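Structure record follows, encoded as structure tokens.
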Amino acid sequence: GFLVDLPGFAKRIGPHLPYLIVAVAAIAGATWHLKAVRRDIGEMVAMMVGMTFGMIAGFLAGYLVGATNGMFTGSVFGVLVGCALGWYVGDCCAMMSRMEGVMAGLMSGVMGAMTAVMLLNDRLTWFTPFLLLVSLLILSGLSYLAYKEHRVRQGIEVAFTGSGFLPFTVMCFLATA
């Protein structure tokens with residue numbers, strides 16, 4: 001690939017690449033799950049969905065790009081990813097959930113890049129797996145919240161349409177690898 005020829009690419013970006021792959025696959029899988037049940041969640045849960053996705057996506061994107069490219073690039077990338085995904089996932093119910101997603105994306109993109117830059121001299125490689133694990137726990141809790149809300153409102157089991165979750169998750173891992 002063309003990026004491997006850049007001087008210092010493997011040393012600077014290589015340690016963070018597996019975390020990026022896991023983050024993209026987890027966020028894509030959780031997005032798929034929440035879009036499958038989006039019709040049947042209330043406005044309060046929809047606001048939580050928009051806010052949480054904007055926050056997690058923006059923070060992780062800003063953090064991982066900020067760790068390798070600096071605070072400005074990480075902040076801009078984190079804000080763009082967080083706002084876009086917060087709007088997209090918060091699109092399920094009302095304008096309020098979209099606004100929550102965009103506001104969370106704006107704040108967390110900058111915060112993610114800032115956290116990475118502050119940790120550059122103090123165990124960044126130890127904090128990154130911890131941060132990713134906590135983010136995965138938050139996403140799984142949010143997916144469970146939306147699932148329970150769907151079941152309460154419908155009184156039935158969740159019926160997914162489209163491809164299954166496992167093939168979708170494997171496809172996300174392969175696409176980012």
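Remember, predicted model here, so these are calculated numbers, not experimental data. All values below were derived from every heavy atom in this structure, side-chain atoms included, with hydrogens, water molecules and symmetry-related copies excluded.
In this structure, Ile56 is a member of the same hydrophobic cluster as Met114, with clusters built from ILVMFWY side-chain heavy atoms closer than 4.5 Å. Hydrophobic clustering (side-chain heavy atoms under 4.5 Å, transitive across Ile, Leu, Val, Met, Phe, Trp, Tyr) keeps Val110 apart from Met103. Hydrophobic clustering, with ILVMFWY side chains joined whenever heavy atoms are under 4.5 angstrom apart, groups Leu145 together with Ile27. Under a hydrophobic clustering in which Ile, Leu, Val, Met, Phe, Trp and Tyr are joined whenever their side-chain heavy atoms come within less than 4.5 Å, directly or via other members, Leu132 and Val81 fall into different clusters. Hydrophobic clustering, with ILVMFWY side chains joined whenever heavy atoms are under 4.5 angstrom apart, keeps Trp87 apart from Leu139.
Here OH of Tyr63 is found 14.5 Å from OG of Ser108. Values are rounded to the nearest 0.5 Å. Between Met118 atom CE and Met71 atom CE the span is 8.0 Å, to the nearest 0.5 Å. Separating the OH atom in Tyr19 from the OG1 atom in Thr125 is a distance of 7.0 Å, to the nearest 0.5 Å. With rounding to the nearest 0.5 angstrom, the CE atom of Met48 is 8.0 Å from the CE atom of Met55. Atom-to-atom distance recorded for Thr52:OG1 and Leu142:CG is 4.5 Å, nearest 0.5 angstrom. For the atom pair CE of Met47 and CE of Met96, the computed distance is 5.0 Å after rounding to the nearest 0.5 Å.
In this structure, Thr73 contributes its side chain and Gly70 its backbone to no donor-acceptor pair below 3.5 Å.
Across all their heavy atoms, Ala67 and Leu120 have their closest contact at O-CD2, 3.7 Å. When all heavy atoms are compared, the tightest approach of Gly66 to Ala116 is C-CB, 4.0 Å. When all heavy atoms of Gly78 and Ala61 are compared, the closest pair comes out as CA-CB, 4.1 Å. Residues Ala46 and Ser97 come closest through the heavy atom pair O-CB, 3.3 Å. Counting all heavy atoms, side chain and backbone alike, Ala104 lies closest to Met51 at CB-O, 3.3 Å. Of all heavy-atom pairs between Gly74 and Ala113, the closest is C-CB, 3.6 Å.
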- Report the C-alpha separation of Val65 and Val76 in whole Å, then their side-chain angles, then the decisive distance to 0.1 Å, and conclude whether the side chain to side chain contact (heavy atoms under 4.5 Å, CB included) test is met. CA-CA 10 Å; Val65 172; Val76 170; over 6 Å; no
- Query: Should Leu64 and Thr128 be marked as a side chain to side chain contact (heavy atoms under 4.5 Å, CB included) after you check the CA-CA gap, both sets of side-chain angles, and the distance that decides it?
  - Reply: CA-CA 9 Å; Leu64 292 170; Thr128 304; 4.2 Å; yes
- Task: Starting from the C-alpha separation in whole Å, work towards a yes-or-no answer on side chain to side chain contact (heavy atoms under 4.5 Å, CB included) for Leu106 and Cys83.
- Result: CA-CA 6 Å; Leu106 174 66; Cys83 289; 4.2 Å; yes
- Query: Given Met107 and Met111, is the side chain to side chain contact (heavy atoms under 4.5 Å, CB included) satisfied, shown in steps?
  - Reply: CA-CA 6 Å; Met107 188 167 159; Met111 294 298 288; 4.3 Å; yes
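Neither side chain, Tyr88 nor Thr31, offers a donor N or O lying under 3.5 Å from an acceptor on the other.
Of the candidates Ile138, Leu136, Leu131, Val134 forms a side chain to side chain contact (heavy atoms under 4.5 Å, CB included) with just one, namely Ile138.
Using cut-offs of 30° and 60° for the angle between ring planes, the Phe127 and Phe130 rings count as tilted.
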